[in-house]
Amino acid sequence: MCLESGHILHESYQIIALLGQGGFARTYTAAQINKPNNPLCVVKEIPFPSSNDPRVLEMARRRFEREASALHRLGQNSCIPELFDRFEENDCFYLVQEYVEGHPLCKELTAGDQWNEKKTVALLRQVLEILKCVHQEKIIHRDITPANLIRRETDKKIVLIDFGAVKEISTFTSNSTGEIFTSQVIGTSGYMPAEQYNPRSLPQPYNDIYALGIIAIQALTGRRPTNLPQDPETGEIVWDYSTPDRPAVQVSKKLKNILTQMVCFHFQQRYQSVEEILQGLDSIVERPELGKTSRKLRSRFRWLLFGFAGIAAFGASVLLIPRIFPLIPTISPQPTLPTPSADGVSSGEKLLVQTSALWSKQRGINEFADGNYPEALKLLKQSWREDRRDPETLIYINNALLKAINAEYYTIAIVVPIRRNQDGSIFNANLAEELLRGIAQAQTEVNLSLIKPNDSSNKDFPGQGFLEAKAIRKKGLKVIIADDGNIKSYAVQRANSLAAQPDILAVIGHYTSDMTVETVDIYNQNQLIAISPGSTTEELTRKPRKFFFRTAPTTSIEAEALVNQLFLVGEKKAAVFYNPNSPFSASLWEEFKKQFEAKGGSTFRLRNSYDLSKNNFDAETAIQKVEKAGKTALLVIPDGQVTNSLENAIEMIKANRDRNWIVGPWTLYEPRTLEVAKELKSIEKLGISLFWHPLASFDKKFPVNAEKLWGGPVNTRSALTYDAARTLIKALEMQPEPSREGMQKTLADPNFKAEGATGIIEFDSKTGNRKNPPKRVAHIVPCSTAIYGVTFVPIEFPTAAAAGLKCD
């Protein structure tokens, strides 16, 4: 209710006037009529949550008492208003606090008025000392703005008011599953960091640190945060630049670095505590006026850069300045790379796999982007009926369902490589789709449990009738897809983007060892689990990371299977062909050589002819050189489709024409290998390492359900991704309140076990490697009913008939 002037509240406080009003609370000035001289106070009115669920109000009461108790303790700090009283009345919660006579800081931060460094540092110190006290009480303010910083009239000190945690109480609500959560974002646009826009993100000290950094930048620049440009690629605020009518901000390098770190777009790159910032400020010493000549030169040089870019394009070119200076003038041109779709990350609002998108899918994505989730769900299901092999569609269907029914959910991400041509068009999306099928199947199993029996609108939801519904603590699972394109710079961008989203509790990826080696430290530094379904290189074992795990075996396990196969067929000499620049390819060669020679075999590589990644690699010439060396087997190790080494490896199989034994890694488990095999008279001397096959599945239901879901079989990559998803789901189930750190502790626990398609999944807590991983070898056998007339089967089955396949 809106209290009128003269209203007596709680028989103690006479309302004088409305002081302020926001989306969640009203604030009044009032007189304390039961005290001598009727001193002024501030009354904050917080409405009860608008929910019919009695549990919501019960939780709101508990939270109100908790926050009020905290405010009472904080009131002992002279720079935080003292709490006099708290009570309920008129379906509202009320707080009565000390009235601070003074003016808000926004009156001092006028447009165009730039503070000097000394004054700005003084402000920073004052507010940081207040926040130090606040954060020690495990409270995050969440709405630090100039309006909530009061310059007290009596001593000119800053006082912090209007804590967001109290206002949040009125936003509580519940959904159809009975979960109680916050429905609205607390904070003020411009001062609020990106992660705070997610109402489910847990408040952290770095939220307040960002806001205070923005206020300091506003003081130095004389510009409101909404008027400061942002780098469109990184999201970073750009504030230290000059224009023809405005000189660069006069600030020392140390303060500039401190403020830049305070307002980093990615929260893990920010300061994590105010103590760190205070230590940094202690290192700033007052010094003589900076050399005016150097400043002028710097300003002029920046102006020249703007001139080169074109004054008319100032709004765009200004974003480049922080990157160019002071590392200029040496700027190397970047190589031309394929252009991924937008930022290469989507939960349903972008089309990433653009090979043959149906119109219904594109319309569904458009509706998803506009927030019309019921319509998006309808259109995406229509697209699914028209193309049941598209895993991107199924993931978007799941995500749309969660939004359409207002379900509670946990969020994980997956990074896959969509290979592109130089013009940005998709060259090959098969690998990405194979990986996505595994996680999409696991996600669907979880979210099926959220569909109520009487929900007629979702009777056509994929997987019903055969997939087993497996909720995670009565919640669903959202999946975010990221495309790294098997390009290192893109992989780094995707890793940073995912790490900056606090609701993402784990990432499945990256697939190739090359991309994982490039990004593993990003995830580790951001305390975000990265569980890879494809990275096998031993390089990741030599320097273990706490937050890295994998469902795929290491190259030492894969090498063991290939070594055993060659000795089994009497081959004791092997020539290697590999990509020496690939962490995976080089690691497998190293492990194979060590094990093969330890058993009495010999290995060699042809001078100038062993590098599969070279554009001028000649398979025919390589085979001829091998034959001159006598009876020799071939170890062919293409990378994970980072280069064209896979194409060259398949050409070697073709050129060999089944004369020499060839063994190779699971990267050769490809339809293209089968396509070449069907052209050969025989293909008996080929062994490919394999981690899963439908005929040897630990989970017997998985291949059956997969075939029903996708309208055809899936392969090893889908199984390993399914297992990675099932592993994360199990870890989520085991935590009362899942968190990034909790995910790591759960997976690293010696007693952790999850069941998947490839077997029992448990990890070495020191390395993140999988214990007792699967290993086997596959070969190719004729089968007339198979799409290419040949098919892969485990090598223990000499024929398709022996494997139980019907090929007639």
Side-chain angles (χ1 to χ4, degrees), residues 135 138 140 193-198 200-210 234-235 261-277 345 409-415 472 477-480 482 484 491-510 515-533 535 540-541 543-551 724-725 727-750 752 754 763-769:
H135 292 171
K138 308 299 182 185
I140 310 302
E195 71 275 2
Q196 202 171 318
Y197 282 90
N198 178 0
R200 291 184 175 89
S201 66
L202 294 176
Q204 297 291 344
Y206 48 70
N207 302 148
D208 290 345
I209 287 170
Y210 179 93
T234 65
Q261 188 171 347
M262 288 179 73
V263 300
C264 277
F265 180 82
H266 301 301
F267 66 92
Q268 290 286 3
Q269 295 173 7
R270 278 178 232 143
Y271 290 103
Q272 301 296 296
S273 71
V274 295
E275 287 85 353
E276 295 177 69
I277 309 170
V345 179
Y409 54 80
Y410 300 110
T411 303
I412 62 174
I414 180 169
V415 189
I472 310 172
L477 184 66
K478 175 183 175 180
V479 172
I480 295 174
D484 69 13
V492 169
Q493 289 175 13
R494 304 303 171 258
N496 280 316
S497 174
L498 297 175
Q501 300 180 51
D503 54 324
I504 297 178
L505 295 174
V507 173
I508 296 177
H510 295 229
M515 301 306 119
T516 302
V517 168
E518 200 72 16
T519 59
V520 65
D521 287 324
I522 295 173
Y523 295 114
N524 201 59
Q525 290 163 7
N526 287 277
Q527 299 185 345
L528 178 60
I529 287 292
I531 180 167
S532 175
S535 300
L540 293 162
T541 303
K543 184 186 175 183
R545 278 80 168 182
K546 185 177 177 182
F547 283 80
F548 175 72
F549 299 85
R550 47 183 159 191
T551 54
T727 300
L728 296 180
I729 290 167
K730 179 69 174 179
L732 289 168
E733 290 171 345
M734 294 174 68
Q735 300 171 73
E737 295 185 12
S739 66
R740 289 185 175 186
E741 187 176 357
M743 294 293 286
Q744 189 279 330
K745 289 180 179 178
T746 302
L747 294 181
D749 191 305
F752 175 81
F763 302 102
D764 182 323
S765 60
K766 294 182 179 179
T767 64
N769 291 340

- Message: For the backbone of K745 and the side chain of E741, can you confirm whether one donor and one acceptor N or O come within less than 3.5 Å of each other?
- Response: no
- Note on the structure: When every non-hydrogen atom of L498 is compared with those of R740, the smallest separation belongs to O-NH2, 3.7 Å
- Message: Under a 3.5 Å distance rule, please check whether N526 uses its side chain to pair with a backbone N or O of I522 as donor and acceptor.
- Response: yes
- Identify the heavy atoms of G742 and S739 that sit nearest to each other, and give their distance. N-OG, 2.9 Å
- Message: Under a 3.5 Å distance rule, please check whether R270 uses its side chain to pair with a backbone N or O of C264 as donor and acceptor.
- Response: yes
- So how far is it from K730 NZ to L747 CG, rounded to the nearest 0.5 Å? 12.0 Å
- Could you list the residues that satisfy side chain to side chain donor-acceptor pair (under 3.5 Å) with H266, not counting sequence neighbours? none
- Measure across A748 and S765 and return the closest heavy-atom pair with its distance rounded to 0.1 Å. O-CB, 3.2 Å
- Note on the structure: For P205 and I140 the tightest heavy-atom approach is N-CD1, 3.5 Å
- With sequence neighbours left out, what residues match Q527 under side chain to side chain contact (heavy atoms under 4.5 Å, CB included)? F547
- Message: What I'd like to find out is whether the side chain of I531 reaches to under 4.5 Å of the side chain of T551, using heavy atoms alone.
- Response: yes
- Heavy-atom distance under 4.5 Å between the side chains of I472 and Y410, does that happen here? yes
- Shortest non-hydrogen pair, V345 vs S497, comes out as CG2-OG, 4.1 Å
- With the side chain counted from C-beta on, respond yes when I412 and L477 share a heavy-atom pair under 4.5 Å apart, and no when they do not. yes
- Query: Which is it for F752 and F763 under the side-chain contact (heavy atoms from CB on, under 4.5 Å) test, yes or no, and what are the steps along the way?
  - Reply: CA-CA 8 Å; F752 175 81; F763 302 102; 4.0 Å; yes
- Query: Got a donor-acceptor contact below 3.5 angstrom from the T519 side chain to the M515 backbone?
  - Reply: yes
- Message: With a 4.5 Å cut-off on side-chain heavy atoms, are K766 and P544 touching?
- Response: no
- Query: Which pair of non-hydrogen atoms, one from F265 and one from A194, has the smallest distance, and what is that distance?
  - Reply: CE1-CB, 3.6 Å
- Report the residues that fulfil side chain to side chain donor-acceptor pair (under 3.5 Å) with Y523, sequence neighbours left out, ordered by chain and then residue number. H510
- Note on the structure: Between F548 and the options N524, I529, L540, the side-chain contact (heavy atoms from CB on, under 4.5 Å) test singles out L540
- Contact check, side chains of Q501 and I480, non-hydrogen atoms, under 4.5 Å: yes
- Query: Do E195 and Q268 have side-chain heavy atoms sitting under 4.5 Å apart?
  - Reply: no
- Judged by atom type as modelled, is there a donor-acceptor pair below 3.5 Å linking the side chain of E276 to the main-chain atoms of Q272? yes
- From D503 atom CG to T411 atom OG1, the distance as rounded to the nearest 0.5 Å: 4.5 Å
- Query: Which value, rounded to the nearest 0.5 Å, describes the distance between E733 atom CD and T746 atom OG1?
  - Reply: 11.5 Å
- Message: With heavy-atom distances below 4.5 Å as the criterion, would you say the side chains of M743 and L728 are in contact?
- Response: yes
- Is there a donor-acceptor pair closer than 3.5 Å between any side-chain N or O of R545 and the backbone N or O of K543? yes
- Is there a donor-acceptor contact under 3.5 Å from the side chain of N496 to the main chain of V492? yes
- Message: Side chains of I508 and V415, heavy atoms from C-beta outward: is any pair under 4.5 Å?
- Response: no
- Query: Do the side-chain N and O atoms of N769 and T541 include a donor-acceptor pair separated by under 3.5 angstrom?
  - Reply: yes
